Amino acid sequence: MLELQRIRENRDTVIKQLAVKNFDATEIVDEIIALDKERRAKQKELDDTLARSKQLAKEIGICYKSGKIKEAELLKKETQSLKVVSKSLSDNLEMIVTDMNKRLVELPNVPHPSVPKGNSEKDNEVVYEEGKIPELYEKAVPHWELAEKYKIIDFNLGAKVTGAGFPFYRGQGARLQRALINFFLDEAINNGYLEYQPPLLINEDSGFGTGQLPDKEGQMYYAQLDNLYLIPTAEVPITNIYRNVILKATDFPVKNVAYSSCFRREAGSYGKDVRGLNRLHQFDKVEIVQIQHPDKSYDTLEEMKAHVSELLRKLELPFRIVKLCGGDLSFTSALTFDFEVYSAAQKRWLEVSSVSNFESYQSNRMKLRFKDDSGKAKLAHTLNGSALALPRIVAALLENNQTENGINIPAALQKYTGFELIE
RNA sequence: GGAGAGUUGGCAGAGUGGUCGAAUGCGGCGGUCUUGAAAACCGUUGACCUUCACGGGUCCGGGGGUUCGAAUCCCUCACUCUCCGCCA
């Protein structure tokens, strides 16, 4: 969530910036400012009352010790009435704070000044393009047909055992998955990331910390009996490692990487967008997370973009980088670049990575701070990106590399797969 | 799943219901001494809210209660450890 002080001191700017996300914040912002003012007044009143009570309690203690029972009893009278007052004040204060926080959480992150205005993905800006779009031979088919032909991915079997969107990978298909995971992890480790294997279930506090809760619980699978959620991305457990943590400035940059399965309910999705591997309920992803000093987080974003670009280059996939417009930007992000690879048989671009800077939006929610030179605790910046999500990479690899004789595996991956051709 | 013990500042570890935000040690930071370092000695050393400031308030695992007053008593939840059971 946004920092209260920022809202208080930059009302107009915040409203103007949120308009880029097509979000009319005027009402909420003004309400927050009003509640904040009320809160501070109440706080002062309560503090004064408590201070008086504390003082009296001390005096009563002294009276009892020196045997002045009568005086003590007298003082008790006053303190009892103060107690009623402070109780009602603190109840009142709690209500105000609860209200204020409720509204605060409703405000999305402020977009970076470079974010273009726009309503949908049509308004996103293609900022970079690399690689040659392959020309396929006549009988080329989309990946779901290749999956069946080579018996490497079985969607029907998944539907039988679990449901739609939970495929089985089989034989060379399973091996390819494992190869990609290892390839991505090794590349990240070589770039200075520390590998983690996170839990796949998270509690409510973690869900709140990264911004999935309270509003997006419908997108996560939920284990009701234990009040735990299946992770939609490793970002959640990995970033929450630092919930309520105060880092030293010398800890920056924190660079973590994790492979995990990801679970998404994807309620309401349908049609050709969800065909084959395009959209699944369970998929594998290698996620990179960085925590950085506020002054350096945009350099870090560039570094992460370069890392993802290099992965796609090594996989010999044509890709482009898209800067998301305000309307397409996620609730929590200040700036996001999507990476898309070209899927030759479907003749469309598929999103395989999303690299974002959340600035202090997540940090503020999870109280992730660092000590600056003056010794003051300040909010750190959090960033993350997929590096990479597997299914659409697999889709593009299968489609783009299909030949009459089989599917070619790019050179960089061969030492991981142990084969050069799917046949 | 059953029984018991515990959770205090960066760490270790005291704490009788009354001036405890909390002894002491270690660590960290600053200083004295030294050519420099170590040792020794002195000082300092949490977070949050509020205030221009002085100051005030909150926080001893989380939440609730008793009391004029709670780290200390009671309830509840979470977690950790030990033993038993089950188990990849």
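Here is how names work: the chains are called A, B, and so on, in the same order as the sequence lines, proteins then strands, and each is numbered from 1. Predicted model only: the values in this text are computed from it and were never measured.
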Inset, instruction - Please tell me which of A/K76 and A/A57 maps to the more 5' nucleotide of RNA chain B, matching each residue to the nucleotide holding its nearest heavy atom. - result: A/A57
Inset, instruction - Mark yes or no: A/R178 above the aromatic ring of A/Y416, with NZ or CZ under 6.0 Å from the six-membered ring centre and no more than 45 degrees from the axis. - result: no
Inset, instruction - Identify whether any heavy atom of A/L82 sits under 4.0 Å from a base atom; if not, whether one sits that close to sugar-phosphate; answer base, sugar-phosphate or nothing. - result: nothing
Legend entry - Partner set under side-chain hydrogen bond (donor to acceptor under 3.5 Å, both in side chains) for A/Y169, not counting sequence neighbours: none
Inset, instruction - Remember a base hit wins even if backbone is also touched, and classify A/K371 as base, sugar-phosphate or nothing at under 4.0 Å, heavy atoms. - result: sugar-phosphate
Legend entry - P gap between B/rC59 and B/rA40, integer Å: 38 Å
Inset, instruction - Write down the distance separating the C1' atoms in B/rG25 and B/rU8, rounded off to the nearest Å. - result: 15 Å
Going by atom type alone, with no hydrogens or angles, which donor-acceptor pairs under 3.5 Å involve a side-chain atom of residues 101-110 of chain A and a protein atom two or more places apart or on another chain?
residue	atom	partner	partner atom	Å
A/N101	ND2	A/V97	O	3.4
A/R103	NE	A/E106	OE1	3.3
A/R103	NH1	A/E31	OE1	2.6
A/R103	NH1	A/E31	OE2	3.2
A/R103	NH2	A/E106	OE1	2.7
A/N109	ND2	A/T332	O	2.9
A/N109	ND2	A/F358	O	3.1

Inset, instruction - Taking side chain to side chain contact (heavy atoms under 4.5 Å, CB included) as the test, write out the residues that go with A/Y196, two or more places apart. - result: A/L194, A/I238, A/I241, A/Y242, A/N256, A/A258
Inset, instruction - State whether a side-chain donor-acceptor pair under 3.5 Å links A/E359 with A/H381. - result: no
Legend entry - Sugar-phosphate only, base, or nothing, as touched by A/L50 at under 4.0 Å among non-hydrogen atoms: sugar-phosphate
Legend entry - 5' precedence on RNA chain B between A/T79 and A/D48 (nearest-nucleotide basis): A/D48
Legend entry - Residue list, side chain to side chain contact (heavy atoms under 4.5 Å, CB included) with A/E148, at least two apart or on another chain: none
Legend entry - Span of RNA chain B, from the first to the last nucleotide whose atoms fall under 4.0 Å of chain A heavy atoms: B/rG18 to B/rG69
Legend entry - Residues A/R369 and A/S363: side-chain donor-acceptor under 3.5 angstrom: no
Legend entry - Span that lies between the C1' atom of B/rG56 and that of B/rG61, in whole angstrom: 27 Å
Legend entry - Pairwise C1' distance for B/rU16 and B/rC86, with rounding to whole Å: 45 Å
Inset, instruction - Classify the nucleic acid contact of A/K367 as base, sugar-phosphate or nothing, counting any heavy atom under 4.0 Å across all strands shown. - result: nothing
Inset, instruction - Give a yes/no verdict on a cation-pi contact between A/K323 and A/F337, requiring under 6.0 Å between NZ or CZ and the six-membered ring centre and an angle within 45° of the axis. - result: no
Legend entry - Secondary structure string for RNA chain B (Watson-Crick or G-U under 3.5 angstrom, | for other-strand pairs): ((((((((.[[[..)..(.....]]]((((((.......))))))(((((....))))).[[[[[..)....]]]]])))))))....
Inset, instruction - Report yes or no: does A/N240 contribute a side-chain atom to a donor-acceptor pair with the main-chain N or O of A/V236 at less than 3.5 Å? - result: yes
Inset, instruction - Write down the distance separating the C1' atoms in B/rA71 and B/rG62, rounded off to the nearest Å. - result: 15 Å
Legend entry - Separation between the P atoms of B/rG30 and B/rA39, rounded to whole Å: 15 Å
Legend entry - P-based separation of B/rG46 from B/rC83 [nearest Å]: 39 Å
Inset, instruction - Could you measure between the two C1' atoms, the one in B/rA14 and the one in B/rC20, and give it in whole Å? - result: 12 Å
